[in-house]
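Atoms within each ligand, like the ligands themselves, are counted from 1 in listed order. Remember, predicted model here, so these are calculated numbers, not experimental data.
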Amino acid sequence: MKKILPLTQGLRRGIEIPGDKSISHRSIILSSLGASTVEVSNFLAGADCMSTVACMRALGAKIEQAGKNLLITGCGLHEPENVLDAGNSGTTLRLLMGLLASQKFLTTFTGDDSLRRRPMARVITPLKKAGASIFGRNDNKNLPITILPAEKKLRGITYEMPVASAQVKSALLLAGLYAETPTTVIEPAPSRDHSEKMLEAFGAKLEKVGNAIKIFPTEKLIAPEKISVPGDISSAAYWIVLATILDGSDVTIINVGVNETRTGILDVLKSMGAKIEIFNERTSGGERAADLKIFSSKLRGIEFGGEIIPRLIDEIPALAVAAAFAEGTTIIHDVGELRVKETDRLAAIVEEFNKISPDTFSATGDSLIIRGGKKKFFAECKTRADHRMAMSLAIFGAAAEGVTIDDADCVKISYPDFFDTLIFGTED
Ligand code: S3P
């Protein structure tokens, strides 16, 4: 159990945040497919990305780690000796299902209690359409999942995805690398496009028309020598929200990825009245990065949903905290996907956050409603083993009357140094 005390002063400091989780996963996977050595810097050494490292090592990649740096050499994929364990990581599992669907060897996946409950039919169904022999427990819905050796190449398919999911899209693009003919994936709304960007950086041929992405089979990838991973805007989100809602704050966040498929949180907070400056914009390896300046601001409630949701799906718990400090009501539509994240985040937000600010959070259908400005209390909350719930509860308590959380350790999934940053930060 961890107790977070209320912060009595605004945050006035510079903060460096860890490497982007999504880009780190993709760097490990794609670098393992080339034949040369790739130096990955500022990689996120959180538990999720370490699950990807372990899986790629089991599949034959040579990966040397020194803190936030990796040296990865692809040696051709081979059959793993044991079951691959994706831990808590949906990205590890779903991307690797796509990659391995076309391989001539057998793979079985498992994961932790949370991942074994999460829906996998969204990947299994289209991979079966492409000709993969892939089977999951519970009528192909859940882990454990086994992929039988591919007897021939997968078919290139055109697949209209029922939900906007970067993980599903990426799985199909990776499967498409080894298919017989091009694969086209059509998204209902644009989700993060790190896979597309990195595949192109590795020499794969892709075409994008509207929400359709077509990948041409490319068996030989040409790896770049270096990949530098920008900081994770999903991790920065906690400091962005905390600085906004705490009076007297002036925070600089250094080296944040600002790929526009990820910056929905900045757009929403700005519409709520937040003062956020983006400066030092640059591009590195096809990904945009920048520094951010955040000042405390008076927020007002707003209503949003639709296409912006995939651009901020992981930031909704943090945004819900911001909305609790806003004047008026915030309504967030189309957030049904929150039910199938590391925990049911819609239920978790309503049940746990209301302990800090009673009668503030409710859910109707796929919408989350937050009535801002209610009184806040000290509370004892449960993270439900969800890293993003833990960090959102921590900033909520810090900006209110304090909080205890039962399992602080789960932040290691995406932000191992989170609590150290809250106490010490990096002084400007
Ligand atoms: C991710 C995609 C998102 C996100 C997850 C990471 C990725 O999931 O919630 O934390 O790296 O592709 P979905 O694609 O399932 O929405």
Side-chain angles (χ1 to χ4, degrees), residues 18-30 43-44 46-52 55 86-99 111 114-115 117-126 159 161-175 185 187-199 211 213 229-230 232-238 257 259 261-265 287 307-319 334-346 348-349 366 386-392 410-411 413-415:
D20 186 273
K21 181 156 80 69
S22 294
I23 299 176
S24 294
H25 282 297
R26 287 152 173 87
S27 308
I28 302 158
I29 295 172
L30 290 188
F43 130 91
L44 170 67
D48 268 12
C49 297
M50 293 315 293
S51 293
T52 297
C55 289
N88 191 246
S89 175
T91 308
T92 307
L93 174 64
R94 295 195 175 116
L95 269 58
L96 291 188
M97 281 164 71
L99 177 71
S114 154
L115 196 59
R117 284 193 296 266
R118 294 179 67 186
M120 296 304 149
R122 53 181 63 194
V123 186
I124 293 180
T125 303
Y159 186 69
M161 289 172 24
V163 286
S165 161
Q167 294 177 352
V168 176
K169 171 179 65 178
S170 305
L172 299 181
L173 294 177
L174 288 170
V185 191
E187 302 190 90
S191 64
R192 65 194 68 194
D193 64 357
H194 305 301
S195 295
E196 296 90 305
K197 286 197 156 55
M198 202 173 286
L199 278 162
N211 285 349
I213 304 119
V229 180
D232 197 327
I233 192 165
S234 300
S235 299
Y238 306 105
N259 175 320
T261 60
R262 297 285 300 281
T263 49
I265 181 171
E287 289 284 354
E307 292 240 329
I308 197 169
I309 298 300
R311 295 179 56 229
L312 48 70
I313 188 72
D314 290 343
E315 289 68 74
I316 289 169
L319 278 173
D334 311 310
V335 292
E337 273 295 291
L338 290 184
R339 293 200 180 89
V340 292
K341 291 295 176 188
E342 285 80 333
T343 187
D344 176 345
R345 281 189 187 148
L346 206 49
I349 289 171
D366 283 349
D386 180 339
H387 55 130
R388 301 209 188 279
M389 280 302 297
M391 292 185 275
S392 301
C410 62
V411 305
I413 292 293
S414 63
Y415 200 159

Within the 3.5 Å criterion, strictly below it, is a donor on Lys169 or Ser191 matched to an acceptor on the partner's side chain? yes
Applying side chain to side chain donor-acceptor pair (under 3.5 Å), run through Glu287 and Asn259 and close with a yes or a no. CA-CA 6 Å; Glu287 289 284 354; Asn259 175 320; 3.0 Å; yes
Pair Asp20, Arg262 - check salt bridge (charged side-chain N to carboxylate O under 4.0 Å, His left out), show working. CA-CA 11 Å; Asp20 186 273; Arg262 297 285 300 281; 2.9 Å; yes
Test item: [X] and [Y] side chains (from C-beta on) under 4.5 Å apart, heavy atoms:
X	Y	answer
Val340	Arg122	yes
Ser22	His25	no
Phe43	Ser27	no
Val123	Val168	yes

Any atoms of ligand 1 less than 4.0 Å from a non-hydrogen atom of Asp314? List them with their elements.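 By the 4.0 Å cutoff, the relevant atoms are 4 (C), 5 (C), 9 (O), 10 (O).
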Write out the residue and atom name of the closest protein heavy atom to [atom], then the distance separating them to 0.1 Å.
atom	value
atom 14 (O) of ligand 1	Ala166 N, 2.7 Å
atom 12 (O) of ligand 1	Arg26 NH2, 2.6 Å
atom 11 (O) of ligand 1	Ser22 OG, 2.7 Å
atom 15 (O) of ligand 1	Ser165 OG, 3.2 Å
atom 16 (O) of ligand 1	Lys341 NZ, 3.2 Å

Can you confirm, on distance only, whether ligand 1 has an N/O atom lying under 3.5 Å from any N/O atom belonging to [X]?
X	answer
Arg122	no
Leu95	no
Glu337	no
Gln167	yes

Kindly compute the distance separating CZ (Arg26) from CD1 (Ile23), expressed to the nearest 0.5 Å.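 The CD1 atom of Ile23 is 8.5 Å from CZ of Arg26, to the nearest 0.5 Å.
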Test of understanding: given a 4.0 Å heavy-atom threshold, classify the contact between His194 and ligand 1 as side chain, backbone, both, or neither. neither
